[in-house]
Amino acid sequence: QVHLVESGGGLVQAGSSLRLSCAASGHSFSNYILGWFRQAPGKEREFVAVIRWNDGVTHHADSVQGRFTISGDNVKNTMYLQINDLKPEDTAVYYCAAVRDANGAIGYFFRRQAYDYWGQGTQVTVSP
């Protein structure tokens with residue numbers, strides 16, 4: 001069992017930046033695929049970004065490309081999502097997710113159904 005904990009959300013003004021973190025205490029991310037998803041009120045949970053921990057390959061959703069950056073720190077065993085130039089439409093609960101890496105194509109992991117473990121989420125609210 002992998003227990004994921006997100007942090008770093010908050011209430012910010014449009015144009016601000018945030019860095020979200022996702023950690024798993026007592027568990028290494030080695031050999032895992034990790035993703036960020038978000039869910040706005042009344043909407044389905046949507047893919048934001050994914051990272052293959054072992055080789056650092058990443059992919060971001062088109063809607064966030066250029067403003068969001070996923071990354072990982074092997075020493076701290078923590079995944080990050082850097083969000084720049086926040087917009088009101090970025091308001092959502094942001095979730096991190098994990099699944100063991102079975103060498104599948106990275107595109108498979110754009111789907112929330114691909115993941116076995118989820119954090120509790122961290123709220124990001126962007127005011128105009």
Side-chain angles (χ1 to χ4, degrees):
Q1 189 75 12
V2 180
H3 180 58
L4 302 172
V5 178
E6 302 98 333
S7 60
L11 171 62
V12 297
Q13 290 187 329
S16 300
S17 297
L18 280 176
R19 189 176 76 163
L20 307 183
S21 300
C22 173
S25 60
H27 196 284
S28 171
F29 284 149
S30 180
N31 298 316
Y32 275 78
I33 298 283
L34 296 159
W36 284 102
F37 289 74
R38 66 182 180 183
Q39 188 166 18
K43 295 188 176 181
E44 291 190 354
R45 193 170 299 187
E46 66 171 354
F47 167 76
V48 173
V50 61
I51 184 168
R52 173 168 276 139
W53 198 258
N54 284 7
D55 61 13
V57 170
T58 64
H59 185 88
H60 300 77
D62 290 344
S63 59
V64 305
Q65 187 75 37
R67 295 192 299 121
F68 289 31
T69 304
I70 190 172
S71 64
D73 185 321
N74 276 307
V75 175
K76 296 182 178 180
N77 201 52
T78 300
M79 176 177 68
Y80 301 102
L81 185 68
Q82 178 69 38
I83 310 175
N84 297 327
D85 189 24
L86 276 154
K87 304 177 184 302
E89 52 265 38
D90 294 321
T91 294
V93 178
Y94 284 72
Y95 298 90
C96 67
V99 63
R100 285 196 67 88
D101 186 358
N103 295 317
I106 196 72
Y108 176 77
F109 302 99
F110 301 171
R111 304 162 63 244
R112 62 183 186 270
Q113 294 86 348
Y115 295 85
D116 292 329
Y117 306 104
W118 291 85
Q120 83 290 348
T122 185
Q123 176 72 48
V124 173
T125 303
V126 185
S127 62

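A quick note: this is a predicted structure, and the numbers were derived from the prediction, not measured.
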### Query
What is the minimum heavy-atom distance between Leu34 and Ile70, and which atoms define it?
O-CD1, 4.1 Å
### Query
Quick one: which of Tyr94, Phe37, Trp36 gives a ring-ring contact (aromatic ring centres under 6.0 Å, His included) with Trp118?
Phe37
### Query
CD of Gln123 to OG1 of Thr91: how many Å apart, nearest 0.5 Å?
7.0 Å
### Task
Please collect all side chain to side chain donor-acceptor pair (under 3.5 Å) contacts where either partner lies in residues 65-79, sequence neighbours excluded, each pair once.
Trp53-Asn74, Arg67-Asp90
### Task
To the nearest 0.5 Å, tell me how far Leu86 CG sits from Leu18 CG.
5.0 Å
### Query
Would you say Lys87 and Val126 make side-chain contact, with heavy atoms under 4.5 Å?
no
## Note on the structure
Tightest non-hydrogen contact, residues Val99 and Ala114, listed as CG2-O, 3.3 Å
### Query
Any sub-3.5 Å donor-acceptor pair from Glu6's side-chain atoms to Gln120's backbone N or O?
yes
### Query
Which heavy atom in Arg45 sits nearest to a heavy atom in Arg112, and how many Å separate them?
O-NH1, 3.3 Å
### Query
More than 12 non-hydrogen atoms from neighbouring residues, nucleotides or ligands closer than 6.0 Å to CD on Gln13, yes or no?
no
### Straight-line distance of Leu81 CG to Arg38 CZ, nearest 0.5 Å
9.5 Å
### Summary
Tightest non-hydrogen contact, residues Ser17 and Asn84, listed as OG-OD1, 3.1 Å
### Query
If Ile, Leu, Val, Met, Phe, Trp and Tyr residues are connected whenever their side-chain heavy atoms lie under 4.5 Å apart, and connections chain through other members, are Val48 and Leu4 in the same group?
yes
### Query
Relative to the ring of His59, is the ring of Phe110 parallel (under 30°), tilted (30 to 60°) or perpendicular (over 60°)?
parallel
### Message
In this structure, would Leu20 and Ile33 fall into the same cluster of hydrophobic residues linked by side-chain contacts under 4.5 Å?
### Response
no
### Query
Can you name the closest pair of heavy atoms from Ala14 and Pro88 and give their distance?
CB-CD, 4.2 Å
### Query
Is there a side-chain contact between Val50 and Tyr108, using heavy atoms and a 4.5 Å cut-off?
no
### Query
Between Tyr32 and Val2, is any pair of side-chain heavy atoms under 4.5 Å apart?
yes
### Query
Taking a hydrophobic cluster as the set of Ile, Leu, Val, Met, Phe, Trp and Tyr residues connected by side-chain heavy atoms closer than 4.5 Å, whether directly or through intermediates, do Phe47 and Tyr95 fall within one such cluster?
yes
### Query
Can you get from Phe109 to Phe29 by hopping between Ile, Leu, Val, Met, Phe, Trp and Tyr side chains that sit under 4.5 Å apart?
no
### Summary
Residue pairs passing the salt bridge (Lys or Arg N to Asp or Glu O under 4.0 Å) test with at least one member in residues 47-62, sequence neighbours excluded, are Arg52-Asp101
### Message
Closer than 3.5 angstrom, by distance alone: can the side chain of His60 be matched with the main-chain N or O of Gly66 as a donor-acceptor pair?
### Response
no
